[in-house]
Amino acid sequence: MKQTLSDLMRMSRICRMVFATCLGSFILVIFYFQSMFQPVMRRNPFVVDSCCRKGSRNALQELYNPTQPELSGAAILHQARRDQVVDTCRVYSASSRKRRVLTPGDLKHLVVDEDHELIYCYVPKVACTNWKRVMMVLTGRGKYSDPMEIPSNEAHVPSNLKTLNQYSIAEINHRLKNYLKFLFVREPFERLVSAYRNKFTLKYNSSFHKRFGTRIIRRYRKNATQDALLSGADVKFKEFAEYLVDPATQRDGPLNEHWQTVYQLCHPCHIHYDLVGKYETLEEDANYVLRLIGVGDSLRFPSYAKSTRTTDTMTAQFFSNISTEQQVQLYHLYKLDFLMFNYSTPSYLRLD
């Protein structure tokens with residue numbers, strides 16, 4: 001009798017173990033199938049997975065291996081420009097690659113367009129207002145259609161465009177590797193004079209007069225009037241040049257973005273730019289970018305007012321009013337921009 005009771009109890013334990021095992025297995029099977037179907041059920045029906053996109057070529061493929069014959073010549077031109085940057089960085093590696101690790105602050109000029117997988121490094125005084133307008137059209141998802149309908153002050157509102165420093169490190173690396181990266185450059189001294197004319201000779205830029213003009217006049221003008229010290233509204237180009245080359249200015253921190261060098265704004269020795277556009281061929285290069293990303297038929301880059309543009313002749317006149325020493329110092333300050341982007345040394349400079 002005792003043996004029979006013992007056997008029954010043992011069988012009961014075995015049955016409970018088998019039942020628990022079966023129940024656990026059943027629950028695991030349920031979770032397994034649920035996990036398989038859950039992603040499908042949560043998928044946004046309006047978003048096409050990257051693995052399932054139609055077989056259209058992206059901008060990088062079209063840039064490096066153009067299928068359209070009319071783009072082949074441009075591809076060769078831009079390869080030469082890329083090579084120029086790489087060669088200059090290699091030759092001047094000691095000065096161009098002092099800091100090998102970029103910080104988030106170094107990426108604040110890189111505007112990201114997720115829809116077209118595009119990164120644009122904006123350089124002030126190189127049509128950056130119009131480029132920001134175009135980027136707002138590209139990223140606005142239908143909110144904007146004509147770049148010139150966007151007020152210039154709205155184009156410079158930081159929240160209207162997303163910059164690369166707002167992403168995580170992994171996201172930054174992914175975009176730098178896979179998106180088409182471009183910037184636009186300009187003859188360095190024309191850009192410098194353009195910045196001076198815009199920020200120091202126009203009355204509406206009183207914020208620059210107060211922020212920089214008062215400091216410049218206080219440092220470099222003898223017997224300055226009280227009005228000039230308070231308003232900072234009549235800075236001379238000679239005083240501006242002296243401010244730029246003064247070691248004390250360098251100790252104050254980075255130069256303002258409007259006269260900072262391109263290689264310090266966009267870091268072309270650390271970031272491989274796929275396309276270098278030039279202000280001198282602005283519309284041609286800009287519309288080439290738009291064609292690469294597939295919007296060339298619906299969006300054109302805005303024309304600019306040539307009548308107000310700072311020219312080489314105008315720049316030469318401004319430089320004739322500064323000393324040879326200042327000319328040499330300014331050239332050395334912007335030398336890498338001249339060399340990287342293949343701009344000749346201006347004939348009006350007195351460098352000997």
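We count residues from 1, following the sequence as given.
When side chains are defined from C-beta on, V185 does not count as touching Y279, because their heavy atoms never get closer than 4.5 Å. Side-chain atoms of V123 and C266, non-hydrogen and from C-beta on, do get closer than 4.5 Å to each other. Using a 4.5 Å heavy-atom threshold, the side chains of I119 and D113 count as separate. Inter-residue side-chain proximity for Q68 and E62 is flagged as met; some heavy-atom pair is nearer than 4.5 Å. Contact of the L339 side chain with the Y334 side chain is not registered, since no non-hydrogen atoms from C-beta on lie closer than 4.5 Å. With contacts defined as side-chain heavy-atom distances shorter than 4.5 Å, the pair Y243/K238 does not qualify. Looking at E117 and N178, their side chains never come closer than 4.5 Å, going by heavy atoms from C-beta outward. Using a 4.5 Å cut-off on side-chain heavy atoms (C-beta onward), V111 and K162 make no contact.
Panel note: side chain N173, backbone A170; no donor-acceptor pair is recorded below 3.5 Å. Between the side chain of D337 and the main chain of P188, no donor-acceptor pair closer than 3.5 Å is present. A donor-acceptor contact shorter than 3.5 Å links the side chain of H209 to the backbone of L202. At distances below 3.5 Å, not a single donor-acceptor pair connects side-chain atoms of T281 with backbone N or O atoms of E284. With hydrogens and angles disregarded, a donor-acceptor distance shorter than 3.5 Å links the side chain of K210 to the backbone of L230. Side chain of Q250 to backbone of L244: a donor-acceptor contact under 3.5 angstrom is found. Under the 3.5 Å distance criterion, the side-chain polar atoms of E239 are matched with a main-chain donor or acceptor of K236. Between the side chain of H332 and the main chain of Q329, no donor-acceptor pair closer than 3.5 Å is present.
Note that CG of L336 is 8.0 Å distant from SG of C89, once rounded to the nearest 0.5 Å. The distance from atom CG of L275 to atom CG of L292, rounded to the nearest 0.5 Å, is 7.0 Å. R81 contributes atom CZ, which lies 11.0 Å from atom CZ of F341 (distance to the nearest 0.5 angstrom). For the atom pair F301 CZ and N287 CG, the distance stands at 8.0 Å (nearest 0.5 Å). The CG atom of L265 sits 9.0 Å away from atom NZ of K108, with the distance rounded to the nearest 0.5 Å. One finds the OH atom of Y179 at 10.0 Å from the CG atom of L118 (value rounded to the nearest 0.5 Å).
Under 3.5 Å, the side chains of E280 and Y343 contain a donor-acceptor pair of N or O atoms. Side chains of Q327 and T324: a donor-acceptor N/O pair is absent below 3.5 angstrom, by distance only. The closest side-chain donor-acceptor pair between H272 and K181, if any, does not fall under 3.5 angstrom. At a cut-off of 3.5 Å, with distance as the only test, no side-chain donor of H109 or T163 sits close to an acceptor on the other residue. Side-chain atoms of S320 and Q317 include no donor-acceptor pair closer than 3.5 Å. Side chains of D106 and T103: a donor-acceptor N/O pair is present below 3.5 angstrom, by distance only.
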### Message
Does V126 form a side-chain contact (heavy atoms from CB on, under 4.5 Å) with C128? I'd like the steps, not just the answer.
### Response
CA-CA 5 Å; V126 192; C128 83; 5.8 Å; no
### Chi angles and distances behind the ring pair (Phe, Tyr, Trp, His ring centres under 6.0 Å) call for Y167, H174
CA-CA 10 Å; Y167 293 83; H174 170 76; 9.9 Å; no
### Residues T201, R197; criterion side-chain contact (heavy atoms from CB on, under 4.5 Å); working and verdict
CA-CA 5 Å; T201 68; R197 292 177 63 210; 4.1 Å; yes
### Message
Under the criterion salt bridge (charged side-chain N to carboxylate O under 4.0 Å, His left out), I'd like the reasoning laid out for D285 against K278: C-alpha separation, chi angles, the key distance, then a yes or no.
### Response
CA-CA 7 Å; D285 291 346; K278 292 201 170 187; over 6 Å; no
#### Entry: Chi angles and distances behind the side-chain contact (heavy atoms from CB on, under 4.5 Å) call for L138, D115
CA-CA 8 Å; L138 293 175; D115 293 342; over 6 Å; no
### Task
Dump the intermediate steps for side-chain contact (heavy atoms from CB on, under 4.5 Å) on L110 and I271, then the final yes or no.
CA-CA 11 Å; L110 277 71; I271 297 172; 3.8 Å; yes
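In plain terms, the two heavy atoms of P124 and H258 that are nearest each other are CB-CD2, 3.6 Å. Across every non-hydrogen atom of N256 and R211, the tightest pair is ND2-NH1, 4.0 Å. Closest of all the heavy-atom pairs between S303 and N130 is O-ND2, 4.1 Å. Shortest non-hydrogen contact noted between M340 and C269 is CE-SG, 3.3 Å. Considering every non-hydrogen atom in both R219 and T249, the closest pair reads NH1-OG1, 3.6 Å. Here the shortest heavy-atom pairing between E283 and P302 reads CG-O, 4.4 Å.
Tracing side-chain contacts under 4.5 Å through hydrophobic residues (I, L, V, M, F, W, Y), one never reaches L282 starting from L77; they form parts of separate clusters. Linking ILVMFWY residues whenever their side-chain heavy atoms come closer than 4.5 Å, directly or via other members, places L349 and M314 in the same cluster. Under the 4.5 Å side-chain contact rule for hydrophobic residues, V193 and L351 share a cluster. Note on V157 and M135: separate hydrophobic clusters, where clusters join Ile, Leu, Val, Met, Phe, Trp and Tyr whose side-chain heavy atoms are under 4.5 Å apart, directly or indirectly. Residues Y64 and V85 share a hydrophobic cluster, clusters being chains of Ile/Leu/Val/Met/Phe/Trp/Tyr side chains in contact below 4.5 Å.
The existence of a salt bridge linking R309 and E190 is confirmed by a sub-4.0 Å separation between a basic side-chain nitrogen and an acidic carboxylate oxygen. Salt bridge status for D312 with R191: absent, with no side-chain N to carboxylate O gap under 4.0 Å. A salt bridge links R221 with D234; the closest basic N to acidic carboxylate O contact falls under 4.0 Å. Between R175 and E114 a salt bridge is recorded (basic side-chain N to carboxylate O distance below 4.0 Å).
The side chain to side chain contact (heavy atoms under 4.5 Å, CB included) test with L63 singles out one residue from I293, N58, D274, and that residue is D274.
Below 30°, between 30° and 60°, or above 60°: for Y122 and Y120 the angle between ring planes is between 30° and 60°, a tilted geometry. Between F318 and Y196, the angle of the ring planes goes over 60°, which puts this pair in the perpendicular group of the 30/60° scheme. Ring geometry, H78 versus Y288: the interplanar angle falls under 30°, so the pair is classed parallel (tilted spans 30 to 60°). Ring planes of Y348 and F189: tilted class, angle from 30 to 60°.
Aromatic ring centres of W259 and F212 lie closer together than 6.0 Å.
Counting heavy atoms of neighbouring residues, nucleotides and ligands inside a 6.0 Å radius, atom CG of N153 exceeds 12 of them.
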